[in-house]
Asks: 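Have a look at the structure that comes next, please.
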Amino acid sequence: MVLHTGRDAACFTDPGTRMLLAGEGLTTPVLEALLGTRLQVRVLRQDLVPVMDVPGEVAALLGLGSDGEALVRRSCLVDPELSPVSLNQVIAATSAADGRLYDDITSLDTPIGYSLIGRRLPQRRKILHVGRSTWWHGGMGRPCAVKSYVMLIDDEPWCYIRECFNPRHVPSAITSAVTSAVTTVPVRTASEWIDAGPVTVCGERDSLCGGERSGAAHFPAETGRVAAHQPPWPDHAQVEANVERLRELPPLVSPDECRTLTTELARTVTGDAFVLHLGDCAETFAGCTPGRIQARQALLTVGAALLGLGTGRPVVALGRIAGQYAKPRSRPTEPDTGASSHASSGASSRAEMRSYFGDMVNGHEPDPDTRTPDPRRLLSAYFHASATLNYLRAHPYPSRGAIEEITAAAAAALRRRGSPPARPSGEFEPGFEPGASTDLIGEIGQLLTAALEVPPRSRCLHSLVPPVYTSHEALILPYEEALTRRTAAGDWWDSSAHLLWLGHRTRDPRQAHVGFAARIRNPIAVKLGPSARPEDVAALCSMLNPDKIPGRLTVITRLGAARVGELLPPLVQGAVGVPVTWVCDPMHGNTRTTREGRKFRRLEDITEEIRAFFRVHRDLGTPAGGIHLEAAGEDVTECTGGWRQLGENGLSDNYQTLCDPRLNPIQTLECLILVLQELRKQAMARKEGGEGGAAPFPP
Ligand code: PEP
Ligand code: CO
């Protein structure tokens with residue numbers, strides 16, 4: 001029955017570590033006493049794994065037969081600064097995880113030992129092994145103390161547990177006499193557990209009609225209403241020919257996936273989950289490469305993990321990805337900069353050329369020919385969206401390298417920054433110091449690796465890393481209508497993305513875009529700028545969510561840092577009685593232009609709008625449900641400020657956007673740490689207000 005004789009805990013020089021490793025009782029209270037702080041459990045992953053994939057020694061120990069499945073759970077204990085204190089792996093027979101004890105072993109908020117005490121079950125731990133392993137932080141390995149044991153209930157082996165302790169909290173030094181003799185337990189590497197699984201579960205129940213010529217009804221196009229911001233296509237017959245082809249092509253997403261997203265968004269209405277919505281302002285066809293898709297996916301993953309670890313609540317990860325190819329513009333034309341030979345053809349005053357409307361419509365190069373809308377781009381947009389989505393489905397998780405690139409760079413920037421940044425861009429609340437955030441960001445790579453090590457052939461029960469859903473602005477109506485398909489039940493779903501949003505410029509309830517959104521079943525978002533009135537919100541709610549389905553309607557406000565306090569409360573009042581997810585877009589109300597005419601945004605304005613948005617919702621008692629950021633996977637220089645203190649003169653270093661300025665990954669994480677602080681305040685306010693929901697993170 002003994003797995004290893006292991007080492008004597010006496011090898012460790014620190015008395016606390018010795019006590020922790022030698023003790024046969026509960027680990028969590030000992031750790032809490034040693035560290036003088038409360039700890040919370042965060043579950044990184046929970047899977048059902050075929051028994052044949054469980055290490056043989058553990059299977060024998062637990063008496064697992066050769067068939068069937070075992071429960072594999074990976075979790076960590078975090079302190080109030082979110083620093084991980086231990087990283088644990090539990091393996092249990094599914095019979096142990098069945099029935100009466102299922103909730104205890106799979107609990108997302110209570111350590112297993114505590115659950116069992118609550119049930120007054122006699123538990124005993126038999127230590128199998130004590131030694132050292134490796135703790136990874138920012139790509140660097142350090143020795144850490146490790147202990148494995150079997151937990152017995154009524155003297156029957158119930159589960160196997162392996163606990164690694166962060167050397168920052170639990171000293172791992174050993175007496176020099178035994179240094180060479182103490183076992184170093186190899187860490188299971190990511191390559192041993194191969195990534196698997198689709199982006200989201202794709203059901204068969206509601207397959208979409210359409211795609212075949214015969215008998216498939218087309219979605220009836222909007223006729224009576226004006227469609228604003230449609231491109232000046234030079235040739236409508238060509239548009240129709242491309243739309244005809246789009247109607248035949250397969251749907252990109254399924255109604256089941258969209259319905260699952262609605263269900264997940266429903267929890268954001270009550271503040272029990274949070275939406276992280278981010279990506280490019282304008283995706284480009286050229287950006288459809290594995291590296292660039294993965295960089296954006298990694299940013300979403302790290303951001304979602306940060307918020308998920310911080311709040312202990314689910315995060316809905318929504319990309320502006322796989323279809324964000326069309327842009328409404330304030331001006332239909334812009335001065336021809338003369339960069340092309342056409343521009344100088346005789347005109348005395350500077351000629352105008354079409355604005356760039358996104359890769360779905362025209363090219364960005366400042367050349368009147370390239371800027372002429374080209375209907376063939378509708379098909380190109382479909383294929384680039386489909387290639388992007390295919391990459392995300394085939395590689396649902398970013399690589400460890402892509403994650404480390406983001407976390408290591410952010411931790412380094414924060415470390416260099418040193419002392420707390422000046423208000424207002426990087427204000428940290430007492431008890432959440434930048435030093436701790438540095439460690440948090442550095443360590444998130446390690447936690448994510450554990451969360452992403454997917455045992456082959458496993459069935460995922462829970463993951464800290466949410467699936468990536470796709471979204472874009474539903475602007476070019478012929479494209480969206482051609483991809484709108486009907487189920488056998490007669491419902492229409494836009495298969496171009498999971499969620500579609502209507503921009504601030506196309507949200508007029510009397511116009512065609514709102515009419516279109518009202519007729520499809522996908523979750524819908526609407527953007528509201530400073531000109532929106534409470535009556536508009538009420539009209540949008542009654543048109544877009546007449547059945548009051550939680551998760552169906554998201555409202556994204558982009559009011560500008562200076563005006564949120566004044567403008568947001570009446571808009572929230574306008575939606576009273578209808579379930580809405582309130583999301584803050586701190587980008588589009590805060591765009592500025594340099595003297596040279598380059599668009600940029602200041603992190604100070606962005607963080608100020610985030611703070612004001614949360615403040616208003618706290619005052620009103622409505623939950624802030626999400627954050628919407630224009631963010632790049634690469635280290636661009638399009639917004640000023642932040643930990644690296646980018647100034648206006650640094651904007652030209654790596655300014656790439658074809659439309660609005662985006663945050664780089666470090667600036668994105670800076671904003672998300674602020675969001676996390678605000679979410680904690682929100683949780684405290686809810687607790688003080690005696691509202692239900694999950695317990696907030698302790699102050
Ligand atoms: C956008 O999200 O890129 C955009 C154009 O937003 P808005 O409609 O809020 O201006
Ligand atoms: Co934009």
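Nothing fancy with the numbering, it's 1 onward along the sequence. First listed ligand is number 1; within each ligand, the first listed atom is number 1. In this text the structure is predicted, and so the values were computed from the model without any measurement.
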Asks: So which protein heavy atom does atom 3 (O) of ligand 1 come closest to, and at what separation?
Replies: Lys327 NZ, 2.7 Å
Asks: Looking at Cys281, which atoms of ligand 1 are within less than 4.0 Å of one of its heavy atoms?
Replies: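 Those atoms are 3 (O).
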Asks: Is Glu609 salt-bridged to Arg563, going by a charged N under 4.0 Å from an acidic O?
Replies: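 So Glu609 does not pair with Arg563 through a salt bridge.
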Asks: Can you list the ligand 1 atoms lying under 4.0 Å from a non-hydrogen atom of Glu630?
Replies: 1 (C), 2 (O), 3 (O)
Asks: Side chain, backbone, both or neither: which applies to His504 and ligand 1 if a contact is any heavy-atom pair less than 4.0 Å apart?
Replies: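 Both backbone and side chain of His504 come within 4.0 Å of ligand 1.
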Asks: Going by the side-chain hydrogen bond (donor to acceptor under 3.5 Å, both in side chains) test, name the single residue among Arg376, Arg377, Arg371 that passes it with Asp374.
Replies: Arg376
Asks: Describe, in one word, how the ring planes of Phe285 and His384 are oriented to each other, choosing from parallel (under 30°), tilted (30 to 60°) and perpendicular (over 60°).
Replies: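 Judged by the thresholds at 30° and 60°, the geometry between Phe285 and His384 is parallel.
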Asks: Mind running side-chain hydrogen bond (donor to acceptor under 3.5 Å, both in side chains) on His395 and Gln297 for me, showing each step along the way?
Replies: CA-CA 10 Å; His395 308 89; Gln297 178 195 31; over 6 Å; no
Asks: N/O of Asp585 under 3.5 Å from N/O of ligand 1, yes or no?
Replies: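 No, no N or O pair falls under 3.5 Å.
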Asks: Below 4.5 Å, heavy atoms only, C-beta onward: do Leu658 and Tyr356 meet side chain to side chain?
Replies: yes
Asks: Please give the atom name: the N, O or S atom of His588 nearest to the Co ion (ligand 2).
Replies: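 This turns out to be NE2.
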Asks: In terms of residue, atom name and distance, what is the protein heavy atom nearest to atom 4 (C) of ligand 1?
Replies: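 The closest heavy atom on the protein side is His588 NE2, 3.4 Å.
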Asks: Do you know which N/O/S atom name in Asp660 is closest to the Co ion (ligand 2)?
Replies: OD2
Asks: Is it the case that the ring center of Trp501 lies less than 6.0 angstrom away from the ring center of His472?
Replies: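 For His472 and Trp501, the ring centres are not under 6.0 Å apart.
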Asks: Pull out every atom of ligand 1 sitting under 4.0 Å from any heavy atom of Gly503, numbered as shown with elements.
Replies: 8 (O)
Asks: Any chance the side chains of Asn522 and His498 put a donor and an acceptor closer than 3.5 Å?
Replies: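 Distance-only check fails for Asn522 and His498.
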Asks: Would you say Cys281 has an N, O or S atom lying under 2.8 Å from the Co ion (ligand 2)?
Replies: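 Yes, within the cut-off.
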Asks: Would you mind listing which atoms of ligand 1 come within a distance below 4.0 Å of any non-hydrogen atom of Arg320?
Replies: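 Result: 1 (C), 2 (O), 3 (O).
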Asks: Nearest protein heavy atom to atom 6 (O) of ligand 1, by residue and atom, and its distance?
Replies: Lys527 NZ, 2.9 Å
Asks: Less than 6.0 angstrom from the centroid, inside 45 degrees of the normal: does Arg598 satisfy that with respect to the ring of Tyr655?
Replies: yes
Asks: Can you tell me which N/O/S atom of Glu630 has the shortest distance to the Co ion (ligand 2)?
Replies: OE2
Asks: Please state which protein non-hydrogen atom is closest to atom 9 (O) of ligand 1 and give its distance, to 0.1 Å?
Replies: Arg558 NE, 2.6 Å
Asks: Would you say the rings of Phe516 and Phe219 are close, in the sense that their centroids are separated by under 6.0 Å?
Replies: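 Centroid separation for Phe219 and Phe516: below 6.0 Å.
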